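Read the structure below first, then the notes.
These numbers come from a predicted model, not from an experiment. Computed from heavy atoms alone, side chains included, the values below leave out hydrogens, waters and symmetry copies.
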Amino acid sequence: MGPALSATVAQLERDVMRAARTGRSAVPPVARHPSDRRLILAAALGLAGTLALTGVLAAWLARPPVPAGPVVVANLAPRPLVLPAAWFVRPAAAAEATPERIDLAIPWSELTGSALPGLMRVTATRAPETEAPLSPARRYARFLTAEAQPFGEGLMRRRFRTGTPFEGEDLYLAQGEGSRFAARCTTGAVPEPDAACLSEIRVGSLSLRLRFSTDRLPSWSAGLAGLERLFGPSP
């Protein structure tokens, strides 16, 4: 019951009580009988419920359409990308004819073919037509300490120096320079543990920006193979 309806009912009850004390009619005769008052109250409640239902229905109808089946992204890469609709972070953008980017949340189990929990968040855009960039090891060289620690699964861990823009993060490099794979991962607590690591890679003509949990670092090779299968020049 809304505030206005509550106030109306309360006023009606006060008028009836006042009329009973003074012997005068404070309401029209048709509304004096208790059964009539209940009918009026029931009608008001029914109207309020109808209005609320109408608002819910309007909000439901205004939702962006969610594709029912696989989504075909035809113009982002040289070959059409056929991706499950459930992976798209913004379902309405999935149906655009010429998207400039797609935002996905891909289960690690789909990437690796294993039972790994969690999601990899992927933003895919067209890669710029430029010369090959510096390797991550060279790009971050002036911010890193000299220490390098083996991490396992072919990764080396490098630490960023205090006072640099990347303080509080570690850099993980595959195959020495990190040209195939590199990731910056926050070392402390983060609001979203599933997005603690950031990696930027190129697959074919696409630039992929990846976010994932630090726990998934040991699976970097299987995850990368899954991304190459999905976004590479040939399926």
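- No donor-acceptor pair closer than 3.5 Å links the side chain of Thr145 to the backbone N or O of Arg161.
- In this structure, Arg202 and Pro128 approach most closely via the heavy-atom pair NH1-O, 3.4 Å.
- Proximity of a side-chain donor or acceptor of Ser109 to a complementary backbone N or O of Ala115 within less than 3.5 Å is not detected.
- Val190 approaches Ala196 most closely through the heavy-atom pair CG2-CB, 4.0 Å.
- Between the side chain of Glu110 and the main chain of Ile106, no donor-acceptor pair closer than 3.5 Å is present.
- Looking at heavy atoms from C-beta onward, Ser213 lies out of side-chain contact with Trp108 at the 4.5 angstrom threshold.
- Remark: Leu224 CG to Ser219 OG distance equals 12.0 Å, nearest 0.5 Å.
- Contact annotation: the side chain of Ile102 approaches that of Leu76 to within less than 4.5 Å [non-hydrogen atoms, C-beta and beyond].
- In this structure, Leu116 and Arg216 have side chains that are in contact, with non-hydrogen atoms separated by less than 4.5 Å.
- Residues Glu177 and Ser135 approach most closely at OE1-OG, 2.7 Å, considering heavy atoms.
- Of all the heavy atoms in Pro107 and Ala105, the pair that sits closest is CD-O, 3.7 Å.
- By the 4.5 Å heavy-atom criterion applied to side chains, Leu171 and Arg157 are not counted as neighbours.
- A salt bridge links Arg121 to Glu192: one of the charged nitrogens lies within less than 4.0 Å of a carboxylate oxygen.
- Nearest heavy atom pair, residue Arg138 against residue Leu134, reads CB-CB, 4.4 Å.
- At a threshold of 4.5 Å between side-chain heavy atoms, the hydrophobic network of Ile, Leu, Val, Met, Phe, Trp and Tyr places Leu198 and Leu155 in two separate groups.
- Taken together through direct or relayed side-chain contacts under 4.5 Å among Ile, Leu, Val, Met, Phe, Trp and Tyr, Leu81 and Leu111 form part of one hydrophobic cluster.
- Contact annotation: the side chain of Ile201 approaches that of Leu210 to within less than 4.5 Å [non-hydrogen atoms, C-beta and beyond].
- For Met156 against Ala148, the heavy-atom pair with the smallest separation is CE-CB, 3.8 Å.
- Transitive grouping of hydrophobic side chains (ILVMFWY, heavy atoms separated by less than 4.5 Å) keeps Phe88 and Leu119 in distinct clusters.
- By the rule that hydrophobic residues join a cluster once side-chain heavy atoms approach within less than 4.5 Å of another member, Phe231 and Val71 end up as members of one cluster.
- Note: Arg209 CZ to Asp103 CG = 11.0 Å, rounded to the nearest 0.5 Å.
- Side-chain contact between Val73 and Asn75 is absent, with no heavy atoms from C-beta onward closer than 4.5 Å.
- Once rounded to the nearest 0.5 Å, the distance linking CD of Glu200 with OG of Ser207 reads 6.5 Å.
- Between Glu228 and Arg180 there is a salt bridge, since at least one side-chain N of the basic residue sits less than 4.0 Å from a carboxylate O of the acidic one.
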**Request:** Give the intermediate values and the outcome of side chain to side chain donor-acceptor pair (under 3.5 Å) for residues Asp170 and Thr187.
**Result:** CA-CA 7 Å; Asp170 286 344; Thr187 57; 5.6 Å; no

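- Residue Leu230 is grouped with residue Leu208 when hydrophobic side chains (ILVMFWY) are merged at heavy-atom distances under 4.5 angstrom, including chains of intermediate members.
- Checked by atom type, the side-chain pair Arg158/Tyr140 shows no donor-acceptor distance below 3.5 Å.
- The main-chain N or O of Leu144 is never found under 3.5 Å from a side-chain atom of Arg159 such that the two would form a donor-acceptor pair.
- Note on ring orientation: taking the six-membered ring where Trp is involved, the planes of Phe166 and Phe160 are tilted (angle from 30° to 60°).
- With rounding to the nearest 0.5 Å, the separation of SG in Cys185 from CZ in Phe151 is 8.0 Å.
- Using a 4.5 Å heavy-atom threshold, the side chains of Phe181 and Pro136 count as separate.
- Interatomic distance, Met120 CE to Leu104 CG, rounded to the nearest 0.5 Å: 11.5 Å.
- A donor-acceptor pair shorter than 3.5 Å can be found between the side chains of Glu147 and Gln149.
- At most 12 heavy atoms of other shown residues, nucleotides or ligands fall within 6.0 angstrom of atom CD in Glu153.
- Summarising the geometry, atom OG1 belonging to Thr214 is positioned 6.5 Å from atom OH belonging to Tyr172; distances are rounded to the nearest 0.5 Å.
- A donor-acceptor pair under 3.5 Å is absent between the side-chain atoms of Trp220 and the main chain of Ala183, judged by distance alone.
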